[in-house]
Structures are given as C-alpha cells and as structure tokens.
Participant: 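What follows is a structure written as structure tokens; I'll ask about it next.
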Amino acid sequence: MSSRSPSDDFRPRRPSPSSGGPRRPRRQTETNLAMGDQAPPAQESPAEAAPLPTFADLGLTPETLKAISDVGYEEPTPIQARTIPLMLAGKDVIAQAQTGTGKTAAYALPMLERIDREIRDPQALVLCPTRELAIQVAGAMHQLGRYHHATTLPIYGGQPIDRQLRALSHGVQIVVGTPGRIMDHMRRGTLDLSNVKMVALDEADEMLDMGFVEDIEFIFEAIPEERQTSLFSATIPPRITALARKYLHNPQRVSVSVSRVTVANTAQTAYELPGGNKFDGLTRILDVETPQSAIIFCRTKNETNELAERLGGAGYTAEAINGDLPQSTRDRVMRRFRDGQVDLLVATDVAARGLDIPDVSHVINYDIPTDPEAYVHRIGRTGRAGKTGEAITLVAPRERYTLRMIERVIGQQIIVKRLPTLADVAARRREAFKAALTGVLEEGNLGQELLIAESLSDQFDALDIAAAAIRMARGDVAQRLDEAAVTTLDGDAEGVEQGMTRLFIGAGRTAGIRPMDLVGAIANEAGIPGKSIGSIDIYDGFAFVEVPSADAQRVIQVMSNTNLRGKRVNVSIARPRDEMDGGPPPRRDRRR
Ligand code: AMP
C-alpha cells in the first residue's frame, strides 16, 4: 500500500465544471476473495484509479436512489461501494465492517432491490445480536425501502409476541430479528422461511460471542440452499470463517483499507456522549473551546440543515453547506465564512471536499466519519501550513470501536475527554468575559462611563457598581448558567436510587403526559416490568423517570422511536440543566 501525503487531497478544490459537482478524491479500497474462491483476487485500485462511484453507478434503481437522497446520503461509503454491486449480482459476501461504516445500507439496499413485490412472504432475513440493532436495522430498511413499499418487521424478545403474530399474519417481506425470538416463531409455526432467498448476518462476531451459533445454524437449516448470504462483522476471527465455510457459497470478501497517514499539527480529542442529547454536548464543547472558526461535519445533507438551524437558534453564527445548495448560495456562505461573519460551517464530506476552505481553528466531527480516510480528510482542514489545529470527535459508546479503528489507521492516539460540565462552561465564559473587560480597561478612554460610576459612588460601593454593570453586560443567560452550575437541585438532592438512572423526557403535563403513559410506554415498548420503573416526576414541559441503569440506553433508544400521546419526544439521560431550563416548577405529579 503506498503512503500518501494528506496534503495531496486537502488541496482546495473547485467543483469540476464538467461534472457540475465536487470532484471525489480517490480512495484506496480493496476487495479480496476469501476461502478458496475461484475468481482471481480483485485488483487493488492504484492511486490514479477511477474515483469512488456514485450511488447511481452502483446499479441501483431510481426508487432506491430517491430514498437515498431523501435520507440525505450524498455518496456511498467505501464498504457500500464495494458490497452493493457484488450483492446485486447475487454473490455471497463476507464484509469486514464495523458500526459507523454504513454497513447497514450496504446490505439493506441490494436486499431491497431484490424483493419481489408480488410475494407477501418473508424473502429476506437479517439476523442481529441485539434488539437495539434489530430495531435500528428495521428502521433503516423502512426508510430506504419507502418507494419499494417493502414490508419490514423487527422481531425481538421483550416485545409482546401477539403484536408480532398479527404483523406476520398480514404478510411481511423482510424480517429483522434476534435469533432467539426468530426461533420461537419458527417453532410455533408462525414464521415460514421457505421463501427466504436473502440472509444477512449483522455483527456476526457479536452474535457468536453471545453464544448464538447453534441458533444461527438452526435458522440456516430452515432456509432454502439457493439463497444469497452476506455476513458483516467488525472482526473476522476463525469462528466466523468456519461459519462462513459452512453456510456461504464462494463468498467474496470485502474490506476497506486505507493508507497510513500522519496528521502532525492537529491535536485530536474525542468526547464520549453517553446517549441522549448530542446537541447539548456540542454546545458545551463549543462554549469551552470557543473556536475562532470551525467546520462541523455531519453525515447527511438533512443533518447539516437541521444542525445549522439549531445552532443559529442557540445564538451561534452557523451556516450549512451541502450538495443540495445552488452554487450562488454556496458562494455566499463561503464568502461569509471567510470574512468571519459566520464562525461555524456545518458540512457534509462531499460539500466540504469541493470547496476552497481556508484553514480553520477547529474541525468537529458531530458524526464520526464512516471510514478512517474520511477522518483524515476532514481533520486536514485544520493545522495547515505549520499552524496548530484542533480536531474533536463526538462518539456514542457504540462508536468507540470505530474510534479505535481510526486510531490504528492514523497511528495516533485520540484522547477521550469528559464532556465539559456546566461549571466548566460557566468558568470558561467568566474567563472570556474577564479577558474582554481587561481589554477595555487597558484601552482606557472611559470618560462618560466614569462620570456615571462617579455619580453613583455616593450611594453605592464601587465594587457593587462594577458588579451590577457586569451583570447587565453579560445578560440573563450567563447568570442562569452560573446558577445552574452551582445550585443543588431538588431532583439531585433527593438522589437517584442506586442502580437506577434518571431519564429526561421532553414532554410533560401540557402535552397530556401522565405517569401511566410513561409506565405503559416503557413497559410495553422496552419490555421492562412496570414494577422495576422508579420514580416519575412530571412537570409542565417535561418529565423525569427512573429506570434500571442496565436498561437505560435501551429505554432511550426505544422511547425515541415511540409516540407518547401521539408525538415523538426527546429522551435522554437527565442532567441538572434539564431541570433548570424551565426553572424548577412549583407543581409536579409524582409517582414512587
Ligand atoms: P451503520 O454503520 O450502518 O451503523 O451506519 C452509520 C451511520 O451512517 C448511520 O447513521 C447511517 O444513516 C449513516 N450512513 C450510512 N450510509 C451513509 C452514506 N452513504 N452517507 C452518509 N451517511 C451514511
């Protein structure tokens, strides 16, 4: 593998006039063939090879392309670029891909393309190790298959079986489930796999680690031999190879490799956000880091628009830049960014690549990039020409593995830091204010202001006058933040029961939420017995509920996809600020 200087690809590029869009850089990807297949090993793409394909190049139908555009994906990730054509051609595939690489769409898209609309029986089966993943994959299938009108059903333990039975009896074409519950249905005779022609194993190594190997074998035995099987796994230990040898036919092995590069002048850190409110995490980081200028990377066009809007609403100057914007708008946004009228540019990889972006003080990965090479491209926007820069990556606990993979490829450690607390943010703001005030004092020339201070000095102490002026200058937000950082709150003072986690629910009494709604939703959707749900506090605009800590992430995931009194609500781990945002209300409904 040749090593490349990152600067080759970071050189600013203008969109190529012939393609009408930004030129894609070349990436080195490889498809290896595994386990005695007959086909010759795939050629490694040399540096001058064709650019990464577009989704249209992969042979997907217009319906699929439209669904992809709706979710906001601009170009295939490397694993998608390699896997989709193979799967469309009916080949079995072993893909080494971890969470965050776009692996779900890599198998979901070709599976959706090959569903026969006329047949109402299960034709595709996806096996996942956990119910969270099953729910997530079924959601992705649903979104990406919206114009195929394919019916998808997640089947997992913990959900009432009747609901699954009802759905199955109506006819389901794609089943996404955990092995245990799928076997349950097979034994009951409620899931017929005799028409299944495609099977995908997601997180196969996890499934084996969790002891599902016999279940998987049991399921495979019930599926016709003339099927396409794909296996996705972060690691390919011998046990996976053995499983593949038994159940896959002449599999094509796909992995994505990248050249080792160093990114010397950039300090790289990551913040792990334990579920919940990512936006809040970002604003804390921005407040503490106070970037002069930053590019914030999102995965999709839709996310760039949404995030820029939310940042604007929170008082930052941010603009989105993505492939959907007309050239004139892009030019205007870029002019404003270069002139310093906009501090934060919220971009997709594709949009950023085609732009002549000046060196920025910070690159922030709001979404962790889908492959290490994209990471290197992104962070090369800072720390150029001998200057130092900061690269910050937000990671969910599930994405730690992806972060480790990036570390391995760049050959550098990325320090994972604790998210700044409200006290950190308040302290940073105080420091910044003091620095600005010092500047004004040093500049002097305070004639008029001194006259006002003097006229008050008969009545008040000089320090009090200065403090009052500071309060006026800093405004309410800073004061509230200071208070929130030091106040011991009602909820905290009482303490959360040991082993329990307090969750914040973004709707309350005004939305008609009652304790029974929360208990009902958590018990039914997340499969947690009502009696193990702890105290519930319902305020006007929001609510808190305590759940067993071991189940907290699952409850967040499930509740975020569940309607509460007809609406989707925000659910996250509660922090003191959540209670402060509305001010501790005088009245609340409480259940113990
Ligand atoms: P996965 O590795 O399947 O868990 O996907 C990780 C994230 O990447 C998900 O949020 C997907 O929606 C997103 N994603 C998948 N493919 C693409 C793509 N081609 N462009 C942008 N985002 C993508």
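Computed from a prediction, not measured in an experiment: that's the story for all the values here. Just so you know, these numbers use all the heavy atoms, side chains as well, and skip hydrogens, waters and symmetry mates. Remember, it's 1-based here, ligands and their atoms both numbered in the order they're listed.
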Participant: Counting both backbone and side chain atoms, is some N or O of Gly102 under 3.5 Å from an N or O of ligand 1?
Facilitator: yes
Participant: How about Glu309: does its CD atom have over 12 heavy atoms from other parts shown lying under 6.0 Å from it?
Facilitator: no
Participant: What is the nearest protein non-hydrogen atom to atom 16 (N) of ligand 1, stated with its residue, atom name and distance?
Facilitator: Gln80 NE2, 2.8 Å
Participant: Please list the nearest protein heavy atom to atom 3 (O) of ligand 1 with its residue and the distance rounded to 0.1 Å.
Facilitator: Thr104 OG1, 2.6 Å
Participant: I'd like to check which ligand 1 atoms, numbered from 1 as shown, lie under 4.0 Å from a non-hydrogen atom of Lys103.
Facilitator: 1 (P), 2 (O), 3 (O)
Participant: Which value, rounded to the nearest 0.5 Å, describes the distance between Ile236 atom CD1 and Gln96 atom CD?
Facilitator: 5.0 Å
Participant: Taking the side chain as everything from C-beta on, heavy atoms only, tell me whether Tyr147 gets closer than 4.5 Å to Asp70.
Facilitator: yes
Participant: Would you kindly specify which portion of Glu75 sits under 4.0 Å from ligand 1, judged on non-hydrogen atoms: side chain, backbone, both or neither?
Facilitator: backbone
Participant: What residues, two or more places apart in sequence or in another chain, satisfy ring pair (Phe, Tyr, Trp, His ring centres under 6.0 Å) together with Phe297?
Facilitator: none
Participant: Considering only the protein, which heavy-atom contact is closest to atom 13 (C) of ligand 1, and what is its distance?
Facilitator: Arg299 CD, 3.6 Å
Participant: Crowded around His148 NE2? As in, over 12 foreign heavy atoms under 6.0 Å?
Facilitator: yes
Participant: To which of Tyr73, Phe55, Tyr107 does the heavy atom nearest atom 11 (C) of ligand 1 belong?
Facilitator: Tyr73
Participant: Which residues pass the side-chain hydrogen bond (donor to acceptor under 3.5 Å, both in side chains) test with Asp205, sequence neighbours left out?
Facilitator: Ser233, Thr235
